[in-house]
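Letters go in sequence order (proteins before strands), and every chain restarts at 1.
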2 protein chains.
Amino acid sequence: MRLSTRARYGLRLMMDLGLHEGKRPVLLKDIAREERISEKYLGQIIIPLKSHGLVATRRGSRGGYVLGRPSAEIRIGEIVDALEGDLGLQDATGEQAVAEGPGELVSRDFWEGLGRAMRLYLDSQTLQDLVTRLKSIRKEPAQDAHYVI
Amino acid sequence: MRLSTRARYGLRLMMDLGLHEGKRPVLLKDIAREERISEKYLGQIIIPLKSHGLVATRRGSRGGYVLGRPSAEIRIGEIVDALEGDLGLQDATGEQAVAEGPGELVSRDFWEGLGRAMRLYLDSQTLQDLVTRLKSIRKEPAQDAHYVI
DNA sequence: TTTAAATACTACTATTATACTAGTATTAAT
DNA sequence: ATTAATACTAGTATAATAGTAGTATTTAAA
């Protein structure tokens, strides 16, 4: 159960947009450079974020991306949903367990509980929360820098 | 972020073993029939459970599988760990983020928090808890049976 | 009105993981 | 010896991941 790069890159993308909230649209090129992620790949990742209204765009020259809503009103869970397409830990088959045994029932309940626990955490923080943390780190730069030998 | 069948089947497998705790070893064949899962595939899935000491075996005729420890002392998190090989949502690359930007740092912390939330839930219940639920369902059978049209 | 700068779209691809299946070897009770 | 079981090894089809590449479209500004 590994998190996809889509979700990880996408969150950092959103944080970058949050960092420039209220300012001019941000270029994908700049985010790509800042986060050291392929610009083309970011272009793919941002599509579901747009379609979920989390990101707004201005096309053409002087264009770029801005947040679709205030960062304080965007829960991280929404971002993850957009990128992972709802984190259904379950089968998610439409065929609806025709003849479900007791083992399946109990374990399904258990996994649904896990899903609820995850959702609770993901919805407990807003994009603004992360951006605030990001800003504070940028102010006090190499405070606890760790050197890799 | 979908749960693998390994984890789902494996949990049901462990529940079946828990159901027969203190009795004779259980045949893989019987579990396969009960849970409607390929016996050969279960044979693969049970390997990491053995190597983690969660399952003990008796080979040869009249052999089979038993729990490696009392069900009350097995947290579900241990089962998931054995099957998913530790749920590192992160990169888990050994190369240790040579030059980590602030965005990476903040988002990494966030994902680690998610991992902790998941672990908290997974470790909050023991195998015995699930087996107890399983038994109670078996006693009051079609109480709230749901018919699929 | 042209040009340049940007996003939008479409298609392809290499690699890896998943979810199995099959066959043979080994063990141990009877 | 025979039989009933697990243990091991190797393969495979499918799908998802993580991209890359190229072209089309839009729009501000010169």
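One atom, CD of A:Gln44, and another, P of C:dA11, lie 12 Å apart when rounded to the nearest Å. The interatomic distance linking A:Leu28 (CG) with C:dA5 (C1') rounds to 13 Å, in whole Å. With rounding to whole Å, B:Tyr41 atom OH is found 9 Å from C:dT18 atom P. Atoms CZ (B:Arg6) and C1' (C:dA19) sit 9 Å apart, rounded to a whole Å. Note: CG (A:Leu3) to P (C:dA17) measures 16 Å, nearest angstrom.
Among the heavy atoms of the strands lying under 4.0 Å from A:Leu27 are primed sugar atoms or P, OP1, OP2 only; no base atom is included. Backbone-only contact: A:Gly64 has heavy atoms under 4.0 Å from sugar-phosphate atoms and none from a base.
In the 5' to 3' direction, nucleotides of DNA chain D lying under 4.0 Å from heavy atoms of chain A begin and end at D:dA18 to D:dA29.
Toward the 5′ end of DNA chain D lies the nearest nucleotide of A:Thr5, the other residue of the pair A:Thr5 and A:Gly60 mapping further downstream. Checking A:Glu39 against A:Arg58, the closest nucleotide of DNA chain D that is more toward the 5' end is the one next to A:Glu39. The residue among A:Ile46 and A:Arg62 whose nearest nucleotide of DNA chain C is located toward the 5' end is A:Arg62.
Side chain of B:Tyr121 to backbone of A:Phe110: a donor-acceptor contact under 3.5 angstrom is found. A donor-acceptor pair is defined here as one N or O able to donate and one able to accept, closer than 3.5 Å; no such pair exists between the side chain of B:Gln44 and the backbone of B:Tyr41. Of the possible polar contacts, one joining the B:Glu104 side chain to the B:Gly101 backbone as a donor-acceptor pair under 3.5 Å is found.
Between atom CD1 of residue A:Ile46 and atom CE of residue A:Met14 there is a gap of 8.0 Å, rounded to the nearest 0.5 Å. Atom CG of B:Leu42 is separated from atom OH of B:Tyr65 by 9.0 Å, given to the nearest 0.5 angstrom. B:Glu34 CD to B:Leu13 CG: the interatomic distance, rounded to the nearest 0.5 Å, is 12.0 Å. Here B:Leu3 contributes atom CG and B:Leu11 contributes atom CG; the two are 9.0 Å apart, rounded to the nearest 0.5 Å. A:Met15 contributes atom CE, which lies 11.5 Å from atom OG of A:Ser71 (distance to the nearest 0.5 angstrom).
Neither side chain, A:Gln128 nor A:Arg133, offers a donor N or O lying under 3.5 Å from an acceptor on the other. A donor-acceptor contact under 3.5 angstrom links the side chains of A:Thr126 and A:Asp129, judged on distance only. No side-chain donor-acceptor contact under 3.5 Å links B:Ser4 and B:Tyr9.
Listed by residue number, there are no residues of residues 10-22 of chain B with a heavy-atom contact under 4.0 Å to DNA chain D.
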Please write out each protein N/O paired with an N/O of nucleotides 13-15 of chain C under 3.5 Å, distance rounded to 0.1 Å.
none

